[in-house]
Number of protein chains: 2
Amino acid sequence: MNEERSSSTEDTLGHQFGAFYKIPIEKFFQFALSVDCVILGYHENGLKLLVIERGTEPHKGKKALPGDLVYPAEDMELAANRVLKDLTGLENVYMTQSKSYGQVDRHPIGRVVTVGYYSLISVDRYQPLASSWAANVVWVDVNELPLLAFDHNQIVNQVLATLRERVRLQPIGFELLPKKFTLGQLQELYEAILNTTFDKANFRKKILSMNLLKDTKERQTDVAHRPAKLFSFDKKAYESLRQQGFSFEM
Amino acid sequence: MNEERSSSTEDTLGHQFGAFYKIPIEKFFQFALSVDCVILGYHENGLKLLVIERGTEPHKGKKALPGDLVYPAEDMELAANRVLKDLTGLENVYMTQSKSYGQVDRHPIGRVVTVGYYSLISVDRYQPLASSWAANVVWVDVNELPLLAFDHNQIVNQVLATLRERVRLQPIGFELLPKKFTLGQLQELYEAILNTTFDKANFRKKILSMNLLKDTKERQTDVAHRPAKLFSFDKKAYESLRQQGFSFEM
DNA sequence: TCAACTTTTAGTTAATTTTACCATAACAAT
DNA sequence: ATTGTTATGGTAAAATTAACTAAAAGTTGA
């Protein structure tokens, strides 16, 4: 399509949208926009990705991120929430924008640019399978990702890379755990995301010394050994500490 | 425009692009895409942003990021480079994608979604003012940003936030310096970006102990005091160290 | 009720890194 | 030669991290 492009340079001198000079403005409004949601959860000692099975071409039958086209007068964040709800039943999920993907040939129906959104959710708060009427919504382990539709593997990998960076400098790991959790669970989570191991005693000392955890005075139940204390993340404490210059680091 | 939207849910069950059922596909291809470039440089002890002065409405006369519409068959990265060259004369700048901005009313001519791109450049390698024929290309201090056109302030602030995170975990600060630099310059740069101060002796020890700098055996000239050694960033050393598990941290 | 077992939790010490300084060296300018 | 300024090398205290030991607290099953 680039044959339409103005090849001389003078006509765009110092202007945005300088291409108006040669090409009717309508020619530029030929893009579609979509959103794709990367929803990560943590179960059974592993990080999991929520995917749907596509029922239509292209890529029919393949697993894919929940995603769809954005309406021309719809804001992107709202679209992401609408699409996620329609496809998985999940509601009120706070998502963060990731990167955009605009390869010219990424979609056969035309120029579709997609914007990635991601969220970390606690499985006990969201039960997509139960509340959703959508077909084939499943969790897959991020370490055993199948070949996904479109460029969705790329989107997921970008989110995972961002997550591994962010999780070290911001206390976002807690979003993956239930409201009440043990230090052991927290440690397993960090070990899973960062793919390392920590000394148990030192991990507990470090995290407790940050004063970010509230002791719920409750304990684990249904375990065949001494039950661990249950803690919860103290968001208010974190906010006030952060204002005093404290910076989380893992 | 959302009155066109299907309000029932059954028709999108389990499908991407399920909205096809009710709305003709053409209705979705009404977006335009643009790119906006956040070019950061470092001079006179400060971080500077490259802006142009808009010659056309909307926002005529205001300072703005170099940016323009993407052609329907043009890849986004190429568009970013084309636009940057057309508006500022800068060529071969490797840019990284930042976030996208799609507020419905952000542009009066229609639904224009813009993708931010950014790059850190060394001022001695690029002289946009000299090589560019574009009108009014200027550097402004990021700490004294004027009110920019559109949502460009938001775009810049997002890039700065990303930069401040990335610069601590990746050796990208060097991209802002000339090929050969003194440890003093490097320290000033980090202090400017992170808005702190470091102990001079400790800073030099820390950075040298990383073995990322090559001693060029040259020294500063034209200074009214003992000239400092000139170093250069050893990219190969960094790559091989990184593979051995080394992780940069500032 | 009691031993066996498992995991939590507390504590101790050595090693390492960070931080705060001090002293001197090297060069330019006068 | 003297003065001023910055680079550079060094040292010691403080703080943090890492490795390890051991006790405590619960469950389970005999």
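The chains referred to below are lettered A, B, ... by the order of the sequence lines, with proteins before strands, and numbering in each begins at 1. Keep in mind that the numbers below use all heavy atoms, side chains included, and drop hydrogens, waters and symmetry copies. It should be emphasised that the depicted structure is a prediction, and the values quoted were computed from it without experimental measurement.
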Next item on the list: Report the distance from atom NZ of B/K229 to atom C1' of C/dC27, rounded to the nearest whole Å.
Entry: 14 Å
Item checked: Residue-phosphate contact under 4.0 Å: A/K200 side-chain N/O, C/dT8 OP1/OP2 -> yes
Checklist line | Ion pair check, B/E249 and B/K206, cut-off under 4.0 Å | finding: no
Check: Which whole-number value in Å describes the distance from A/D215 CG to C/dT8 P?
Finding: 15 Å
Next item on the list: Could you tell me the separation between the CG atom of B/D222 and the C1' atom of C/dA29, rounded to a whole number of Å?
Entry: 14 Å
Margin query: Under 3.5 Å, is there a donor on one side chain and an acceptor on the other for B/E165 and A/Q170?
Written below: yes
Check: Are B/F181 and B/F174 close enough that their ring centres sit under 6.0 Å apart?
Finding: yes
Item checked: Boundaries of the chain B footprint along DNA chain D (any atom under 4.0 Å from a heavy atom) -> D/dT5 to D/dT11
Item checked: Check: C/dT7 base within 3.5 Å donor-acceptor of A/R226 side chain -> no
Next item on the list: Work out how much the helix from C/dT1-D/dA30 to C/dT30-D/dA1 bends between its end axes, five pairs an end, to the nearest 10 degrees.
Entry: 10°
Margin query: For A/H225 and B/A201, find the nucleotide of DNA chain D closest to each by heavy atoms; which residue's nucleotide sits nearer the 5' end?
Written below: B/A201
Item checked: Integer-rounded Å distance: C/dT9 C1' and A/Q220 CD -> 14 Å
Pairs under 3.5 angstrom, nitrogen or oxygen only, protein versus nucleotides 13-19 of chain C, please.
none

Item checked: For the student: nearest non-hydrogen atoms of A/E53 and A/G61, plus distance -> CG-O, 3.3 Å
Next item on the list: Take atom CZ of A/F203 and atom P of C/dT7, then tell me their distance rounded to the nearest Å.
Entry: 17 Å
Next item on the list: Nearest-nucleotide wise, let me know which of B/V223 and B/D199 is further upstream toward the 5' end of DNA chain C.
Entry: B/D199
Check: Looking just at side-chain N and O atoms, do A/E191 and A/Q187 make a donor-acceptor pair shorter than 3.5 Å?
Finding: yes
